[in-house]
Each structure stands twice: as C-alpha cells, then as structure tokens.
A.B. asks: 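For reference, the structure I am asking about is given below.
Just so we're on the same page: letters track the sequence lines, and every chain starts at 1.
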Amino acid sequence: MNILPESARVRRPAHRREHLDNGLTILIIEDQRLPAISLTLLLPAGGATDPPGQAGTASLVAGLLNKGSRRRDADSLAVAIDDMGASYSARTGRDSLVVSLAGLSEDFMDLIALLGEITLEPAFPADEFHLLRQRRLHALTRAMDQAATVADWTFSHGLYGEHPYGPPLSGTAASMTNLAETAPEAWHRRLFVPAGSCLAIAGAVPAEQALKAAADIFDSWQGTSPPPVSHPDPVPAARRILLVDRPDSPQAQIRWGHLGISRRDPRHDAAELVNDVLGGGGFSSRLMQTIRSEKGLTYGIHSGFSARLHAGPFQISTFTPTASVGEVLRDIDDLVGAFREGGPTAMELDDARRRLVGGYPLQFETATQVAGQLLEMELYGLPEDTLESYQDRILAVDLGQAADLAHDLLHPESALAVVVGDLSAMGSAPADWGTTETVDMGLLFSARTGSC
Amino acid sequence: MNAKTSPPVGRPATLLTLDARQETLTNGLRILLLEDHGAPVVSYQVHFAAGSRNERPGITGISHLFEHMMFKGTPDCGPEEFARIIQAEGGQVNAFTTEDSTCYYENLPAHGLELAIRMEADRQAHLLLTEENLASEREVVRNERLLRTVNTPYGEARELLMALTFPRHAYGWPVVGWDSDLVAMSLVDCQSYFSTYYAPNNATVVVAGDMDPDDTLAMITAAYDNMQPAPPPPPVVTREEPQRGERRGEFHKRVEAGAVMAAFHVPELTHPDTVPLLVLASLLTDGHSARFHRHFVKSGRAGSVSASVGSSFLNTDPSIFRLDAVANPGESAADLEVQLWAELDRLQENGVGADEVRRAVRQIRAGLVLQARTQFYRGLLAGLYQVRANDWRFSNQLDEAMLAVTPEDLNRVARTYLVPSNRTVVTLIPETS
C-alpha cells in the first residue's frame, strides 16, 4: 500500500548547481517551453537580523534597492524594468531577503545586468529613504483597517515578544521613526554578501549562457558573513488570550497557536502531514469539517507550521461572526485536544499521505516553482535529495508515528489566542482562558495616538 | 479599428498563441483540449455560462451560493466527499463565481484526469440539493461576505459604486449577493437555477496539459453523453442607458484612511476599444514608471492608485473603467479626487507618449506569458473567453490587437470615455468614534 508507483513520482527538470569563488551559489533550471525567464536572488538574512528597536530595517532595504543605483536614479531604473515588461519584486521574510526579476527570455542579458545593478550597487539616496519611510508609516496606520493583519501581528508579538520573530516585518511606527538615514546602507554593507546567497535562473535561456552571464556579473561581489547571532526560543507561557477591540466590526478574526518547530527539524515534513489532517488539508481537514461544513461558523479555517530557521509558530487562523467567537474557540480547543490525544485515524492518515504525495508533482510544474523549491533547500541548508525522498518519507509515516507527533507538537496547555473584534458585542471573554488582556494595537504598531 | 496616424508601437510577433482542439457533443457540451506534455500535470475545468449577470433582484448571489452547493454531494458521493476524493489523488480542487460565469476546476497529476471527469460529470447530472445543506452553506457564504466585503475598509463603498453605476443591469449588485437575498433564498430557487443553467449545452469543458486528446475526448463523451440538454437559458436583455451626468455617493465608515473610487462606463470585451482601454489602464498604474504611480504613490500624495478595465478576464456586457485611490491617513479624499481629475485632464489635453504606450503593451504581453506557464492559467484563458467572448481564441486576438495599438487610440478612448458626465464617484469618508 505504501509503495509509490513510478508514474506518481515527482519528475523535475535537471538543474545545474555551481559556486562562484566568492561563495555565491548559482542554480540553473533550463526550460524552453515558453519564452520567459525568471531570476531570483536569495539572501539568507531577513527581518530577524533587524537590530532591537529597529524592526523593519531589512524590509526598508528591500524597498530601497530599486530606488537608485550608483549609475541611475529611481525613475530611470523603473523605466528600464518596465521597458522590458519585466516583473520586479523584493520581499523580506524572517530569515531571507528575495529579489526577483522576471521577463521575456530575449531580454535575459539586460535583465541579469539590471539585477546585478539593483542588488550590488544600490545608492540609498536620502530623499528616497525619507519618501519610502513616510509611505511605510502611512501603510502601518492603514494596516490597522485590516483585521486579519492586526490579528497576525498581535499573535506574533504575543508569542515572541522581544525575539526577532516578534515585531511586524515592516516595523512599527516607533522603529521606523527612529531609523537613521544611514541604517539601510549599513545593513546592506554588513549583510548583503555572496556567501550563503543563491541566484536561481529559471527559463528559456541555454544553461551555459546563463551560467557565464551570472559569473560575469556576480563574480565581483565581495563580503563575508558576520558571525550568526543566536536567539534562544521564547519560553512557552501559560494559556492566555489577547483581545483587540474593533468597534462596529460584525466579524471577529481569531488566531490560536503556540511555538512550533524549525524548518531544519527532521520531523518537519511528517509534522506537515499530521497537520494536514488537523487543519492543513483544505476542505477535508477536521477543523474545516466541523467548523465550516457542519456548523457554518466560518468561511475558512486553516492550521500550519511556519517554515523558519528557528522554531516558527504553529498557528490556526479563522474568522467568525462576533456572537460565535466563544463557540469557535471551544471547538478549536476540543478538536486540537482530541487530535493530540488520539492522533489521526487510519483513513485520515492514508488520505493525507495520498494528498501530499500525489500533489507533490504539482509543485514542480514550472521552472520557477522548481527554483523556489531548490532555493528553500539552500536557505535552510537541507540536502538536495530532500526533494527526491519526500514522497517516500511521507509514505513511510505510520499511525503510531503520526499519533506521537500530534502528541509531541500540539500544546493546548500553552496556547495563545488572539481575538480581534467588537468586544462590547462579544460579551465576556471565553471561560477557561487563564489570562485575558486587552491590547490597543494602534498604540503598539501604528503612528496613531490615543485609544479607539 | 480606427484610422491611425502613427505606426504600431508593439512588438512584431505574438508571444503566446493558444492552440486548442474544439469538439461539441450532441447534447451541446463544448470541449476544448489544450495538449501540452511539459509537466505530468493536467487542469480539468468546467465553465458554466452563468454568473451574477443572470440573476434578478431577490435572488442576487444565487450563482455563488450554488457554487458552494456543488460540493454537497450526489447519491454516489457524500457531502464534502468530492474535495476529499480529488485531494486524495493529489489534486487541487476549487471553484469561483464571477459576473459572467462560474468555473469548477481540478489541477491534478495527469493520472487523475479520469477521476476528475467522472466526478464533475456526476455532480453536474446528479447533485443532491437538501434543506440541511442549504442551511449550513448559506451561513458559510454570509461569513464569506462579511470577510471580503463588510469587514474590509473598501468593500461596502465598492458595492455602492457599482449600484450607482448600474441602476438597471445586473453588474450593479455584487457577485456574493445582498445579505437579505442570501437569507431569503430557498431550495426551490436553487433547484430552478440548477435545471436552467447547469445543462450540458450551457457548459464548456476545458482540459489543459499532459493528456492524449483522443483518449480524453472518449472519456468525456462516456461521462457526459447521457446528459440531456435543456432549453437555452433566458438571455440577459437589460442594458444601461447612456449616462448623462456625474453620479456621486458617500460611504462613512470607521477607517484610518479615506478613498475615492470612480467608474466610467466602457463597452463589452469584444468591442475594439477594449484593447486601448486596457493599455491605458496599464499605462496609468502598472509598474513603478507608470504615470499615476509616479505622480501619486511614489511622491507620497496617495497611499495607492489603481486603474483597471472590468473584472479579471473582462466582461461579457458593457462594463467599467475603474480608478481607485486611497488617501494618506489624516488627509482629505476630496483633495485627492481634485488632483486625480487634474492629472486626467492633463493626460487628455497633452496625450500619451509613444514610449509609455510601448512600455504598457510590453508589460501586458510579457505578464501574460509569465502567467501562462501553468496549465491552469492556459485553461482559464481558453474557457473563460469561450464563455464570455464566445471564442476561446479571444486571448490570441487580444495579443494581436495589442501589437497594433497606437497613442492616438489611447488618446481617443481617454477623451471618449473618461469624461465627467460618464463617471460615478464614491468617496469613503473616515468616521471618528
């Protein structure tokens, strides 16, 4: 029953993996199906490197990369990108900064030169720093209108506190306001280095040409990584609930969770399998079946372990009409509690295994998706055969192991719950939550002063 | 198209040409087969020519609510089993409803295709509609409406904008429907909707990806051939009269930042002016070099600005050119609106530049190639345009028309459609506690 047929085994295009002398890894995935190419530069440093009190620094660096180079100003760079019809993005994660440029393969040489200019020669002009920072401050205030964002940020802050995974990646009003004009350039000089970084080139360009162009442009990149800073995981706290008031809101956003595991934890893939049964498996999961399909209390509910270098959160996310908050929180407690004690049934585990194993090839449909998978291996230092062995490893997880994992990884006794909604309409806080605390998000994260 | 005074500024060759084999069963079911063996993946899609444009007051939102009911089971497949079975084959399963059509899809490993065909045909022929299923799904949909519309800063103001823009046509109500209609909808309404719109002669099946067209056609024929056609659904006859004067509305809400939203009436997707309007929207706000992005967002004058034509993949009936701008916290949306019209006036007076037109065309065309890397997206292009433009080749035609577009075309459509008498404006005004 647990043997994988050859037809279901993931089949991905061959790739080349090379290193430059400066330590940069280059991945080439050649794919001639469509005249497109995507370039992705991954740097193994993200929001978690923001110094204390300077949350949002890495994110601001990402935003400023295309706002002027040593050769051109921001407008000229924008015209150069848009002239090719290219898509540009620079995104910050907790553990990474990823710059992507995608376009037509006939523009490959111009695209890769532009990527080099943007990432290696940013000028960080002062006027652009002030413009972007002001936009970010406004965006932080506007984010308070998005209940889901408020819930996510409150949950991270509640779970991680002063740990680098605590503050919003885009910073807070206080950290942004205090940031020195020179901070982005200093961050870039210290952390934007080739060692540990990886450039993936995926699409319709011959591998040899791609490799030569990458070497020509990125060979001159210099710098060594600073010693890694260790951050001890936060100590699990007692159960508690944080309430954020949103007057007039007819629906409440709910988060429920606790510390999870690192992406490098050998249990990671099996943990995803077990989570699939609880709340990861779309319409079929226990949380969806009870809270959406049977009771109609929500449109969606999802649980998951976040992949991070250090222990990421295990988080359940949902929303429900204000009057149903207590019932949904009780249902989550009951469902997680029962799953922790009993684990999945044989049929649930079999379905989840088939779902993850059968759906695996869909994650390798395009060359860009293949590049994304390989970059994840690079970022977390996982062996390359992790991808090849995935399906066999998932099939090998048996009922006993799944039950043990559910028991070891789920911790209702130290759960943190967050509710963002109309507190006056909600009535009293749900019973059996140890500590209840009301938080004013505006004061914590945005530039707003005074209470709601 | 119109006479041109300058040469085309696009690129010389098409970048993405969809190729499909088209078949029709005797019961009227249309089938489009897009063979591609690049990856062992296939997308199976059923597109029904039924969306909110086919509704009437009292049952607004029934197309979308019905989409949910399609997951509630048949005599051979228990409630919610549909998704479980497809997912257990490694498939992704979902559906979406728009103004003009409803689409059900499965993206699966190639060997799962037969299962998807069998299960889609089963629920199209034998769906079980019960009071109990309707009761729970009604609440799920009302929750979805709260999530996407009510509990967001702009959702309700957008509803007001559409209601003011389309006082007659069905585009005036949201796809998710009015809450009071969702509450009132009955099982009889659902049964009537099912028998009217879910017959094979109102559906297009699309298969894109790693499959053999002959084998696939045989499987589809076996699964669907027994279904009986129904009388053609009643045509949508209501038309908006030309707008003769600006319409305005205000929506007050507890939000941090105000916004201004405007809609200008424009023609249906097959009209020759659609392509210049698409390029104009892109030229205004796509990319960091776009006019309005630079003037409003980069400069810090506004939080965001976006321009668009109709819905994603455009609309069957005459639709709108949308212009939305979000003000900075504490700044006036009314002032922002004044600046928007000033910039639009400037564009209409001075015209657009050949460079920015070339750039916008390139962005749209390259963006299409980048998206069309998945079988799912290629299938959507063929299926959605088959339903909306009555021709799956429509995306190829759009691409060709992009090559021929000129600055004069853009100037003409800007001066024709983006005028005050043709616009409806809604301002979102922050309310203080």
A.B. asks: For the atom pair OG (B:Ser289) and CG (A:Leu77), what is the distance rounded to the nearest 0.5 Å?
C.D. replies: 11.0 Å

A.B. asks: Quick check on B:Ala135 against chain A: is it the side chain, the backbone, both or neither that has a heavy atom closer than 4.5 Å?
C.D. replies: neither

A.B. asks: Supply the atom-to-atom distance A:Leu34 CG to B:Gln371 CD, rounded to the nearest 0.5 angstrom.
C.D. replies: 12.0 Å

A.B. asks: Please look at A:Gln369 and chain B and tell me whether the side chain, the backbone, both or neither of the residue comes under 4.5 angstrom of a heavy atom of that chain.
C.D. replies: neither

A.B. asks: Between A:Asp145 (side chain) and B:Val255 (backbone), is there a donor-acceptor pair under 3.5 Å?
C.D. replies: no

A.B. asks: Please rank B:Arg145, B:Lys72, B:Glu80 by heavy-atom pairs under 4.5 Å with chain A and give me the top one.
C.D. replies: B:Glu80

A.B. asks: Any chance you could measure A:Thr320, atom OG1, to B:Leu146, atom CG, to the nearest 0.5 Å?
C.D. replies: 9.0 Å

A.B. asks: At a 4.5 Å cut-off on heavy atoms, which part of B:Ser282 comes close to chain A: side chain, backbone, both, or neither?
C.D. replies: neither

A.B. asks: Taking only residues two or more places apart in sequence or in another chain, which ones pass side chain to side chain donor-acceptor pair (under 3.5 Å) with B:Glu114?
C.D. replies: none

A.B. asks: Picking from A:Ser293, A:Pro361, A:Ser87, which has the most non-hydrogen pairs under 4.5 angstrom with chain B?
C.D. replies: A:Ser293

A.B. asks: Distance alone, cut at 3.5 Å: any donor-acceptor contact between the side chains of B:Asn143 and A:Thr298?
C.D. replies: no

A.B. asks: Does A:Gln251 use its side chain to pair, donor to acceptor, with the backbone of B:Leu147 at less than 3.5 Å?
C.D. replies: yes

A.B. asks: Can you tell me which portion of A:Leu297 sits under 4.5 Å from chain B's heavy atoms? Options are side chain, backbone, both or neither.
C.D. replies: backbone

A.B. asks: Side chains of A:Ser284 and B:Gln87 only: does a donor on one sit below 3.5 Å from an acceptor on the other?
C.D. replies: yes

A.B. asks: Measure distances from A:Val79 to the heavy atoms of chain B and classify the residue's part below 4.5 Å as side chain, backbone, both or neither.
C.D. replies: both

A.B. asks: With chain B as the partner, which of A:Glu128, A:His138, A:Arg33, A:Gln289 has the greatest number of non-hydrogen pairs under 4.5 Å?
C.D. replies: A:His138

A.B. asks: Could you look at B:Ala302 and say if it's the side chain, the backbone, both or neither that has a heavy atom under 4.5 Å from chain A?
C.D. replies: neither

A.B. asks: Mind checking the CG-CD spacing from B:Asn151 to A:Gln253? Nearest 0.5 Å is all I need.
C.D. replies: 7.0 Å

A.B. asks: Taking side chain as everything from C-beta outward and backbone as N, CA, C, O, which of these in A:Asp31 sits under 4.5 Å from a heavy atom of chain B? Side chain, backbone, both or neither.
C.D. replies: neither

A.B. asks: Can you check whether A:Ala86's main-chain N or O pairs, donor with acceptor, with B:Gln363's side chain at less than 3.5 Å?
C.D. replies: no

A.B. asks: Quick one: what part of B:Lys298 sits under 4.5 Å from any heavy atom of chain A, side chain, backbone, both or neither?
C.D. replies: both

A.B. asks: Could you walk me through whether A:Tyr299 and B:Arg148 pass side chain to side chain donor-acceptor pair (under 3.5 Å), step by step?
C.D. replies: CA-CA 10 Å; A:Tyr299 170 67; B:Arg148 296 197 201 281; 2.9 Å; yes

A.B. asks: Examine whether an atom of A:Thr366 lies under 4.5 Å from a heavy atom of chain B, and if so say whether it belongs to the side chain, the backbone or both; otherwise answer neither.
C.D. replies: side chain

A.B. asks: Which pair of heavy atoms, one from B:Ala88 and one from A:Arg354, lies closest together, and at what distance?
C.D. replies: O-CB, 2.9 Å

A.B. asks: So do the side chains of B:Ser136 and A:Glu294 get within less than 4.5 Å of each other, counting heavy atoms only?
C.D. replies: no

A.B. asks: Could you list the residues that satisfy salt bridge (Lys or Arg N to Asp or Glu O under 4.0 Å) with A:Arg355, not counting sequence neighbours?
C.D. replies: A:Asp276

A.B. asks: Picking from A:Gln146, A:Gln134, A:Met84, which has the most non-hydrogen pairs under 4.5 angstrom with chain B?
C.D. replies: A:Met84

A.B. asks: Closer than 4.0 angstrom, basic N to acidic O: yes or no for A:Asp75 and B:Arg294?
C.D. replies: yes

A.B. asks: Considering only NZ, NE, NH1 and NH2 on the basic side and carboxylate oxygens on the acidic side, decide whether B:Glu137 and A:Arg292 come within less than 4.0 Å.
C.D. replies: yes

A.B. asks: Say you draw a straight line from CD of B:Glu256 to OG1 of A:Thr141; how long is it, rounded to the nearest 0.5 Å?
C.D. replies: 6.5 Å

A.B. asks: Please round to the nearest 0.5 Å and tell me the distance separating atom CG of A:Asp351 and atom CD1 of B:Ile85.
C.D. replies: 9.0 Å

A.B. asks: Could you tell me which portion of B:Leu108 (side chain, backbone, both or neither) has an atom closer than 4.5 angstrom to a non-hydrogen atom of chain A?
C.D. replies: backbone

A.B. asks: Between B:Asn133 and chain A, with a heavy-atom cut-off of 4.5 Å, which part of the residue counts as in contact: side chain, backbone, both or neither?
C.D. replies: neither

A.B. asks: I'd like to know if B:Arg359 pairs up with A:Asp82 as an ion pair, taking the criterion as any Lys NZ or Arg NE/NH1/NH2 lying under 4.0 Å from an Asp or Glu carboxylate oxygen.
C.D. replies: no

A.B. asks: For A:Leu362, is it the side chain, the backbone, both, or neither that has a heavy atom closer than 4.5 Å to a heavy atom of chain B?
C.D. replies: both

A.B. asks: With a 4.5 angstrom heavy-atom cut-off, could you sort out which part of B:Gln375 is near chain A: side chain, backbone, both or neither?
C.D. replies: both

A.B. asks: Using heavy-atom distances under 4.5 Å, tell me whether A:Ala139 contacts chain B through its side chain, its backbone, both, or neither.
C.D. replies: neither

A.B. asks: Find the one option among B:His293, B:Lys253, B:His288, B:Gln92 whose heavy-atom pairs under 4.5 Å with chain A are most numerous.
C.D. replies: B:His288

A.B. asks: Is there side-chain contact between B:Arg362 and A:Asp107, with heavy atoms separated by less than 4.5 Å?
C.D. replies: yes

A.B. asks: Based on non-hydrogen pairs under 4.5 Å, which of B:Val41, B:Val150, B:Val141 is most in contact with chain A?
C.D. replies: B:Val41

A.B. asks: Please report the closest heavy-atom contact between B:Leu370 and A:Gly103, naming both atoms and the distance.
C.D. replies: CD2-O, 3.9 Å

A.B. asks: Quick check: closest heavy atoms across A:Gly296 and B:Glu139, and the distance to 0.1 Å?
C.D. replies: O-CB, 3.4 Å

